[in-house]
Each structure stands twice: as C-alpha cells, then as structure tokens.
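Here's the structure, in structure tokens; my notes come after.
Throughout, protein chains are lettered first and strands after them, A, B, ... in sequence-line order, and every chain is numbered starting at 1. As the structure is a computational prediction, the values presented were derived from the model and not from experiment.
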There are 2 protein chains.
Amino acid sequence: MTPNKENFIKAIYELGGDDKIISNKELAQALSISAASVTEMNTRLLKEDLISHVPYRGVKLTPSGKCIANRLIRKHRIWEVFLAEKLGYDWNEVHADADLLEHASSDRLIERLNDFLDKPTFDPHGGVIPNKDGSLPETSKFPLTDIAIGEHFKVKEVDDDKDFLNYLRQKGIQLNHSYTLVAVDPFESSLTLRSADNSEKIIGQKAALKILVDYESPA
Amino acid sequence: MTPNKENFIKAIYELGGDDKIISNKELAQALSISAASVTEMNTRLLKEDLISHVPYRGVKLTPSGKCIANRLIRKHRIWEVFLAEKLGYDWNEVHADADLLEHASSDRLIERLNDFLDKPTFDPHGGVIPNKDGSLPETSKFPLTDIAIGEHFKVKEVDDDKDFLNYLRQKGIQLNHSYTLVAVDPFESSLTLRSADNSEKIIGQKAALKILVDYESPA
DNA sequence: TAGAATAAAAAGGATGGACTTAAAATGACA
DNA sequence: TGTCATTTTAAGTCCATCCTTTTTATTCTA
C-alpha cells in the first residue's frame with residue numbers, strides 16, 4: 001500500500017464511494033489526473049479487492065476498501081487533533097501536515113497518540129474519528145426534537161410509514177442529508193430547517209419526532 | 001529530495017562521512033544494496049552537490065550535504081523525544097517510527113513540535129539535536145579533569161605540543177574518539193579511561209588538563 | 001615491484017509506479 | 001437510431017531503483 005494508493009482510496013471515499021458508484025471522470029477531476037490514469041489505478045485496486053467495478057459506470061469501495069479508507073481517516077483526524085490541540089495549529093493549517101503524517105504512521109504510533117490525546121471523538125472540523133478496526137463508531141440517533149437551535153445534523157433514520165415518507169418527500173427532507181435547525185415556533189412547535197442549498201423547510205412537531213438525526217460538523 | 005536520497009545521505013553521515021571518506025563498499029553493506037547501486041546514487045547526489053567524490057576512495061558530505069543530514073537528524077531526534085517523552089515509548093522503540101516520521105515532517109511541524117517539547121538539547125539516546133539551520137550546536141569543551149567518574153565523553157581538542165601529542169599517541173588516545181572515565185587515583189590523581197574496544201588507558205593528571213572533551217551519549 | 005586481490009566504474013538491463021495521448025468501444029438519451 | 005460524452009484500451013514516456021557482468025584502476029603483499 002503506497003501513499004498514492006491510499007490517497008486514491010481516500011478520494012473515492014470522500015466523493016461518497018462508500019455507498020455509491022463514483023465515475024471515472026469525477027475521480028480524474030478530484031485527483032487532477034487523466035481518466036486513463038484512473039482506469040489504471042482502478043485495475044490495481046481491483047486486484048487487491050479494495051474496490052468493486054461496474055464497467056462504464058465507475059467504482060465503489062468494497063468492505064476492505066472502506067476499512068482502509070476509515071483507518072486512514074482515523075490517522076488523519078487523530079493527527080489533526082494533535083496538531084490543533086497540542087501544537088497550536090489553526091484549524092485551517094492542520095490539513096496539509098496531517099495529509100503527510102497519515103502515510104507515515106504505524107498502528108502503534110496512532111494508538112499511543114490516541115491515548116495521549118484522551119481518545120478524542122471528533123477532529124477539529126467536527127469529523128468523527130473512525131474506530132481502530134476501521135469501522136465507524138456507533139453514531140447515536142435521536143429525534144429531531146432534541147436538536148437545539150443553530151445546531152447542524154444529518155438525517156439518519158425515518159419512520160417507515162408511507163404517508164410520512166410522502167410528507168418528507170414533499171417537504172424535501174432526505175435521508176443522509178444535512179440541515180441546520182434555525183428556528184422553533186414557540187406556539188406550534190414547528191421547526192424551521194435550512195438545507196445545504198440554503199432553502200428553508202418547515203416541519204411539524206409530530207413529524208420531527210419521527211425523524212432520527214445525529215450531530216454533524218458544520219463543514 | 002526523496003526519502004531514499006535522504007536515507008542515503010543519512011547513511012553516509014552515520015558512517016562518519018561528515019569528515020572522512022566513506023567507501024562504496026561500506027555504504028553498500030550499510031544499505032544492503034549492490035556497490036553499483038551506490039555508485040549510481042552517488043552520481044545523482046554528486047550532481048546536486050551534496051557529496052564530494054574521490055575516485056576509488058569513496059564519498060563524503062559537502063557542506064550542503066551535511067546540512068541536509070543534520071536537518072534530517074534534527075527531525076529524527078525531535079520525534080524521538082516526542083515518542084519517548086509524550087507517548088511513553090521505550091527508548092528502543094523510538095527509532096523505527098522516528099525513521100518514518102522524519103521524512104513526512106514539514107519545517108513548520110518540526111519547529112512547533114520542538115517548542116511543544118521545550119526545545120530539547122538531546123534525544124533519548126543522548127544524541128545532540130542539530131540546529132534548525134542544519135548546523136550543530138556549539139558544543140562546550142572542557143578539560144578532562146572536569147569529568148566525573150562513570151561519564152562518557154569524546155575528545156574534542158588537545159594541546160598542540162609535540163611531546164604531548166606523542167604521549168597521547170603512545171597512550172592510544174585519539175581525537176574524536178570516545179571514552180568512559182572509570183576511576184581517578186586518589187593519590188596521584190591519574191585517570192583511568194576505558195575506550196570503545198574496552199581497553200583501559202591511564203592518563204596523568206597533567207595530561208588530563210590539556211585534553212578538552214565534551215559529554216557524549218553512551219551509545 | 002610484479003602479480004593477485006579488491007574495489008570502482010561502465011554498460012546494459014529489468015522492474016514498477018505514475019503519467020500521458022490517441023483511438024476504439026460503450027452507453028445514454030433525444 | 002445516431003450522436004455525444006465517457007470509459008477503456010493501447011502504446012509509450014519518464015523516472016527512480018535496483019540488478020549483473022565486464023572492464024578498469026588501485027592497493028596490497030609476497
């Protein structure tokens with residue numbers, strides 16, 4: 001596993017390749033290389049069973065590919081915590097150095113660093129730190145009604161009720177999308193959410209109880 | 001400057017290439033590569049003016065080569081201090097991880113780490129940490145008579161007197177060699193030194209005053 | 001001081017990673 | 001169903017790293 005391969009895996013992950021197929025073109029643009037180079041790297045990673053491939057559609061990470069991506073992100077984020085918390089880096093400075101260090105860190109080093117930092121849960125950007133084994137920590141899910149005004153969250157689970165799902169679709173609320181709670185009506189208890197595209201959605205209190213969410217970093 | 005080149009430079013340095021010529025064969029053995037590969041790397045580093053070359057004798061570091069070696073060693077040793085002091089590494093564990101990290105450390109990172117560690121002077125093995133600019137810290141020199149029993153030191157300077165130099169040669173005391181002070185005679189004040197090859201040398205007190213030494217790590 | 005032993009340089013490859021361009025194959029969609 | 005965007009394949013460049021073998025030079029020693 002070379003730094004290059006690691007970065008390739010990471011790029012797939014960051015484009016969403018843990019659950020959807022990422023096209024050749026997207027990757028080529030993200031990495032600033034030609035599409036042909038992407039194909040070439042794909043064949044290498046395919047051999048190692050780190051990605052799965054749908055011809056002419058693109059690639060996504062296999063379970064072991066996801067594991068590697070998460071372990072790399074774990075290293076990256078633990079370093080970020082160290083740089084920010086112990087070395088006084090500004091939050092916008094941490095990324096570059098963490099990007100170098102993540103490829104030069106033994107497991108032992110990362111675990112000791114993790115202990116030294118008191119096992120942080122989030123990096124300075126609010127990103128969650130994956131587990132040692134490459135899995136993602138159990139993320140708590142709780143009703144949208146428990147969110148405080150101004151907080152950012154992601155929709156994790158919704159009640160499997162046809163009418164309710166239609167209601168959500170009509171409102172434009174989608175699973176795994178992120179929103180910010182901007183207001184709660186004092187009388188009706190209806191919630192005003194702002195989505196990533198800055199549109200505002202008003203949700204009734206009854207619906208809010210059935211939407212499970214989790215905190216998320218603002219980025 | 002690739003990690004490979006850096007390690008090559010470091011190997012030369014560690015074999016003593018800062019002041020004497022290191023043969024092709026020595027380097028080949030130290031790096032476990034063929035002598036021809038050493039020659040090849042030599043030509044590359046020669047182009048960059050990092051080493052100087054005496055045909056059929058070997059190579060030594062140029063001033064800029066030494067600078068690079070020292071800066072690398074600075075990185076290495078600062079990391080070692082961090083691993084040992086903050087992460088609880090045992091002194092024999094630090095080397096491997098420091099060897100990886102030294103190649104993935106920006107100058108900014110090293111300087112902040114250095115501050116975080118309160119600007120240490122020695123690494124866990126007792127090795128001195130070079131300055132930021134790649135120079136070696138002014139090492140103090142003082143008479144051998146100031147050394148306490150049991151301490152390790154290196155001979156830094158000796159009086160330029162013919163008889164005295166002959167005396168030293170006869171005793172087997174050499175500049176830049178390391179010794180341990182094992183005993184001081186209570187009556188004569190003569191000093192018993194042990195050299196690296198475990199031979200013992202007895203030095204008169206008058207001579208000891210004219211031998212300037214500095215502390216050194218036991219390794 | 002003339003070999004013999006040894007070391008270095010030169011020559012010629014081999015490999016693998018990371019890129020590219022150009023042409024052929026494919027899929028999507030109007 | 002034909003056009004167009006995208007993907008794949010093919011072919012090849014460049015560079016770093018390593019190798020072995022064959023001179024060539026030096027050094028050691030008898």
- Phosphate contact (D/dT7 OP1 or OP2) by A/H53 side-chain N/O below 4.0 Å: no

- Query: Over how many whole Å does the gap from B/K5 atom NZ to D/dT17 atom C1' extend?
  - Reply: 12 Å

- From CZ of B/F8 across to P of D/dA16 the rounded distance in Å is 15 Å

- Presence of salt bridge, A/E6 and A/K75, under 4.0 angstrom: no

- Note on the structure: One should read off an interatomic distance between A/L113 CG and B/K86 NZ, to the nearest 0.5 angstrom, of 12.5 Å

- Message: Could you measure the distance from the CD1 atom of B/I51 to the CD1 atom of B/I68? Nearest 0.5 Å is fine.
- Response: 11.5 Å

- Could you tell me whether the phosphate oxygens of D/dT6, OP1 or OP2, come under 4.0 Å of any side-chain nitrogen or oxygen in A/S23? no

- Query: Does the side chain of B/N24 get closer than 4.0 angstrom to OP1 or OP2 of C/dT6 through an N or O atom?
  - Reply: no

- Message: Given D/dT9, D/dT6, C/dC19, identify the nucleotide with an atom nearest to the side chain of A/K25.
- Response: D/dT6

- From CD1 of B/I21 across to C1' of C/dA8 the rounded distance in Å is 14 Å

- Item | N or O in side chain of B/T2 less than 4.0 angstrom from D/dT17 OP1/OP2 | yes

- Item | Between P of D/dA5 and CD of A/E26, the distance in whole Å | 18 Å

- Just how far, in rounded Å, is C1' of D/dA16 from CG of B/L31? 15 Å

- Selected nucleotide, minimal atom distance to B/Y56 side chain, candidates C/dT21, C/dA25, C/dA8: C/dA8

- Message: By the 4.0 Å heavy-atom rule, please label B/A35 as base, sugar-phosphate, or nothing.
- Response: nothing

- Query: Rounded to whole angstrom units, what separation is found between the CG atom of A/N42 and the P atom of C/dC19?
  - Reply: 13 Å

- Heavy-atom check, side chain of B/C67 versus side chain of B/R71, under 4.5 Å: yes

- Item | Protein-nucleotide distance (A/M1, atom CE; C/dA18, atom P), rounded to Å | 11 Å

- Picking from D/dC18, C/dT20, D/dT8, which would you name as closest to the side chain of A/T39? D/dT8

- Task: Taking all non-hydrogen atoms of both residues into account, name the closest pair between A/D49 and A/S64 and its distance.
- Result: O-OG, 3.0 Å

- Task: Using a strict cut-off of less than 4.0 Å between a Lys/Arg side-chain nitrogen and an Asp/Glu carboxylate oxygen, indicate whether A/E102 and A/R77 qualify as a salt bridge.
- Result: no

- Residue whose nearest DNA chain C nucleotide is more 5′ - A/S32 or B/I22: B/I22

- Query: Does a side-chain N or O from A/S37 land closer than 4.0 Å to OP1 or OP2 of C/dT20, or not?
  - Reply: yes

- Item | Closest to side chain of B/R44, choosing from C/dA18, D/dA16, C/dA8 | D/dA16

- Message: Looking at D/dT17, I'd like to know if its phosphate oxygens (OP1 or OP2) sit under 4.0 Å from a side-chain N or O belonging to B/N4.
- Response: yes

- Measure the distance from CD on B/E40 to P on D/dT20 and round it to the nearest whole Å. 13 Å

- Residue-phosphate contact under 4.0 Å: A/S34 side-chain N/O, C/dC19 OP1/OP2: no

